[in-house]
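Heads up: the structure comes next, in C-alpha cells.
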Amino acid sequence: MDDSLKKNGSSDDAAASTPAPSNFIRDIIDEDTRTGKWGGRVVTRFPPEPNGYLHIGHAKSICLNFGVARDYPGGICHLRFDDTNPEKEDMEYVEAIQRDIRWLGFHWGDKLFFASDYYGRLYQCALELIRRGKAYVCDLDADEIRKTRGTLTQPGTNSPYRARSVEENLDLFQRMKAGEFPDGSRVLRAKIDMAHSYIVMRDPVLYRIRRQSHYRTGDQWCIYPMYDFTHCLSDSFEGITHSLCTVEFENNRPLYDWVLDALDLYHPRQIEFAPLNLNFTILSKRFLKSLVEDGIVDGWDDPRMPTLSGFRRRGCPPEAIRDFCDKIGLAKRDSLVDVAMLESSLRACLNLTAPRVMAVLRPLRVVIENYPEGQVEELEAPYYPDDPPKMGYRKVPFSRVLYVERSDFMEEPHRKFWRLAPGREVRLRWAYFLRCKSVIKDPDTGEVMELRCTYDPDTRGGQAPDGRKVRGTIHWVSADHSLSAEVRLYDRLYSAPNPVAHKNREVTEILNPDSLEILNTARVEQSLADAKSGARYQFERTGYFCVDSRHSAPGKLVFNRTVGLRDSWAKIFKQGARGKRKGKGRTGKGEGRGRGRGRSQGQS
RNA sequence: UGAGGUGUAGUUCAAUUGGCAGAACGCCUGACUCUGGAUCAGGAGGUUGAAGGUUCGAGUCCUUCCACCUCAGCCA
C-alpha cells in the first residue's frame with residue numbers, strides 16, 4: 001500500500017509535499033533573495049516554550065517556518081526551545097514537542113537548540129550592555145515597577161536606581177548571579193525611555209532573580225533572562241534571517257531591534273503574522289492545560305483536543321494538517337477559520353488513503369427468512385472500490401442473521417428516505433438485495449427489535465438479472481462472524497462558535513456535553529481482527545475511523561471517529577424538520593438563502 | 001483617550017503593484033454512481049469599513065472619519 005500512497009501524493013514526510021502557496025512573508029523572502037540581502041541564506045526557526053503540548057495553531061507556525069526552509073534553496077529551520085522560565089518548563093514537553101513536529105513531517109537535522117544553552121552568553125551580553133551604560137540594576141519590587149511604568153496614556157517615571165554607575169551596576173549584577181540577594185529583590189533593566197509610547201520600551205526587565213531549579217541547568221543559575229532579551233539574542237547567535245512570530249509581538253519588535261543594535265550584533269528581521277483561530281475551539285496552552293488538569297478531557301492527547309497529539313490519536317494524517325495549514329493562507333488580520341476547512345482537508349486525504357470496511361455502529365438485527373440456516377458465504381469485497389487493485393480485496397462472511405444500522409430503517413419513511421422500510425428493497429453492500437417483510441417490536445416499549453426479511457438469491461454481487469434497480473445500498477455485518485467493538489464518536493468541545501470571546505469563567509459553561517459519545521455495542525467485520533494500533537479506515541457510509549492507540553487491544557477493539565463522511569441525507573432530514581417547524585412544506589429555491597441557511601456557525 | 005496593527009464573498013485568503021474584483025472551503029442545482037461517499041458540471045453570493053479627493057481609470061495613491069485587534073508580567 002505504501003507505493004500507492006506515494007502515487008497519490010500522500011506522505012507523512014513534508015519533504016514530499018509541494019511548495020506552499022505564496023504569502024506576504026514569502027514575498028519578502030523572495031525579495032531578499034533577489035537582492036541578496038542575507039547573502040543567499042534563508043534561516044528560520046520554530047521557538048516553542050516547553051510548557052505545554054503543541055496545538056494546531058503551532059502547526060501553522062511550524063508549516064510556515066519549516067515550509068519556508070524546505071522551499072528555498074539552502075533553507076534551514078532550527079528547532080529552538082525558548083526555555084527561560086524554570087517554573088513552567090519540563091522535559092516531558094520537550095519530548096512531546098519533538099515527537100509532534102516529527103509526526104507532522106518536519107526535520108531539524110542537527111539544528112536543535114535550547115535558549116538555556118545560551119545562558120552563559122546571554123549573561124555576557126548583559127554585562128556588555130551594562131558596560132555600555134544601557135542597562136542598570138533596579139531595586140524596585142515588581143509592584144513599584146508596575147506603578148512607575150505609567151499607563152497607556154501617561155508616561156512612566158524614572159527609577160531612583162536608574163543613574164547608578166557602570167561599576168556599581170556591574171558589581172550588583174554579578175552579585176545577583178552569585179546569589180547574594182533574595183528572589184525578587186532586584187532586577188536588571190534596560191535603560192531606554194520611561195516615556196516611550198511603546199510601553200515595552202519603558203526600561204524593560206531583562207533579568208530576574210529566581211531560586212528555581214531549571215529542568216536543564218538545574219541549580220546552576222538563580223538569575224534568569226526574560227523573553228525579550230533572550231529571543232532576539234538567540235536569533236542573532238544562530239544567524240536567523242527571518243524571525244517569524246505572531247502579531248502580539250509586534251509591539252515588542254522595537255525592543256528586539258534595540259537590544260541587537262545596542263550590542264552591535266547580527267540582526268535578523270522579525271516579521272509578524274496572525275495566529276490561527278478556529279471556530280468552536282480554544283487554542284491557548286493555558287486553557288488546554290486546565291482542561292487536562294481539571295480532568296475535563298482524557299489528557300493532552302484526548303482526541304477532542306486541538307493538540308497535535310490529540311489529532312494524531314484521533315486519526316488525522318499529518319499530511320491533512322499540512323494541507324490545511326497551506327490552505328488557510330497567511331495574513332496579519334484577525335481571523336476565525338471554520339473547522340469545516342480542516343475537515344475538508346481531512347476527508348480529501350483520507351479518501352485517497354483509507355481502506356473501506358463495514359462496521360455497524362448501532363446494530364439492528366436482521367433475520368433473512370429464506371436464507372438457509374447454518375449457511376455461510378464468503379463474499380469478496382474491495383478495500384478501495386474506486387480502484388480495487390490499489391488495495392486489494394478481503395472476504396466478508398454472509399449468513400442468515402445480520403446486523404444493519406438502526407438509522408438505515410424507518411418504519412414510516414420520510415419522503416426522500418431511500419433505505420429500508422416495511423416492504424422496501426435495498427442492496428446489501430457487496431452482497432444481495434434484501435426486502436423487509438415485517439418488523440418485530442418490543443411489546444412494552446414499541447422499540448424496533450428485529451427485522452424479518454427475505455433476500456433474492458439471484459442478486460448475488462449486487463445486480464438483479466431482471467434489471468430492476470434499488471435506490472439504496474446499506475452496509476451490514478454477519479451477526480455470528482462480526483466482532484464487537486467500541487466506537488467513540490467525537491464532536492466539538494465547545495458549543496459556541498467563538499468560545500474565545502467568552503469570559504474565562506464562562507468557558508466551562510459552554511462545553512458541549514455531547515463532545516464524546518461511546519458506542520459499546522458496535523459490530524465490525526471480521527477482517528478488522530488484526531487491525532493495528534493507529535490504523536485508519538473508512539467505515540463505509542459512516543466516516544473515517546482509526547484504531548485507538550491507547551485503549552484498543554486484540555480482542556477488545558476501540559475505534560475513534562476521525563471525521564464523518566459528508567452526509568447529504570442528514571441535510572435533507574434537517575431541512576425537512578425545519579420546514580415542518582416553520583409550517584412550510586419545504587425550503588424552496590430562492591427562499592431561505594438570505595438567512596444563511598445551513599451555515600455551520602452563528603454570528604458573533 | 002497614547003502607540004502600534006488590521007479592514008476585499010458566509011469563512012479563509014488572492015488580485016501581476018493604477019487596468020475587466022478571483023480561488024479554496026461552505027451553500028444551492030444537476031449528472032454519474034453498488035458508499036445519500038467520491039467524481040464531474042453549473043449556480044447563488046461583493047457599495048473592496050465609510051465619505052471625499054487625484055486620475056481616462058482606484059481594492060491599490062491622497063485626506064478625513066469609523067470599526068476591530070495588540071500593549072501597562074520579575075510569562076512567552
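Residue numbers begin at 1 in each chain, while the letters A, B, ... track the order of the sequences.
Proximity of A/Thr84 to the phosphate of B/rA76: a side-chain N or O atom is located under 4.0 Å from OP1 or OP2. For the pair A/Arg347 and B/rG37, the criterion of a side-chain N or O lying under 4.0 Å from OP1 or OP2 is not met. Contact annotation: A/Arg333 reaches the phosphate of B/rU8 (side-chain N/O to OP1 or OP2, under 4.0 Å). Within the structure, every side-chain polar atom (N or O) of A/Lys332 is placed at least 4.0 Å from both OP1 and OP2 of B/rC69. Regarding contacts with the backbone of B/rA76, a side-chain N or O of A/Arg208 is found under 4.0 angstrom from either OP1 or OP2. Considering only side-chain N and O atoms, A/Lys571 lies under 4.0 angstrom from the phosphate OP1 or OP2 of B/rC28.
The glycosidic torsion of B/rU17 lies within 90° of 0, placing the base in the syn range. Syn is the glycosidic conformation of B/rG73, whose angle stays within 90° of 0.
Within the nucleic acid shown, A/Ala142 comes within 4.0 Å of at least one base atom, counting heavy atoms only. The residue A/Asp228 sits apart from the nucleic acid: no heavy atom pair falls under 4.0 Å. Residue contacts for A/Phe324: at a heavy-atom cut-off of 4.0 Å it reaches no nucleic acid atom on any strand shown. Note on A/Glu540: a base of the nucleic acid sits closer than 4.0 angstrom, heavy atoms only. Counting non-hydrogen atoms under 4.0 angstrom, A/Thr151 reaches a base of the nucleic acid. Among the atoms of the strands shown, none is found under 4.0 Å from any heavy atom of A/Tyr207.
The pair A/Arg34-A/Glu31 meets the salt-bridge criterion, since a charged nitrogen lies less than 4.0 angstrom from a carboxylate oxygen. The pair A/Glu405-A/Arg541 fails the salt-bridge criterion, with no side-chain N (NZ, NE, NH1 or NH2) lying under 4.0 Å from an Asp/Glu carboxylate O.
Cation-pi geometry between A/Arg175 and A/Phe181 is not met at under 6.0 angstrom from the ring centre and within 45 degrees of the axis. Seen from the ring of A/Phe114, A/Arg216 counts as a face-on cation partner, given the 6.0 Å and 45° thresholds. Taking the centre and axis of the six-membered ring of A/Phe280, the NZ or CZ atom of A/Arg492 falls inside the cone set by 45° and 6.0 Å.
In terms of position on RNA chain B, the residue among A/Asp183 and A/Gly462 whose nearest nucleotide sits closer to the 5' end is A/Gly462. Summary of the strand contacts: A/Glu250 and A/Arg186 both lie near RNA chain B, and taking for each the nucleotide with the nearest heavy atom, the more 5' one is attributed to A/Glu250.
Shown here, B/rC75 forms no base pair; nothing in the strands shown gives a Watson-Crick or G-U wobble contact with both key distances under 3.5 Å. For B/rU1, there is no paired base (Watson-Crick or G-U wobble, both distances below 3.5 Å).
Put simply, the side chain of A/Arg146 and the base of B/rG73 share no donor and acceptor less than 3.5 Å apart.
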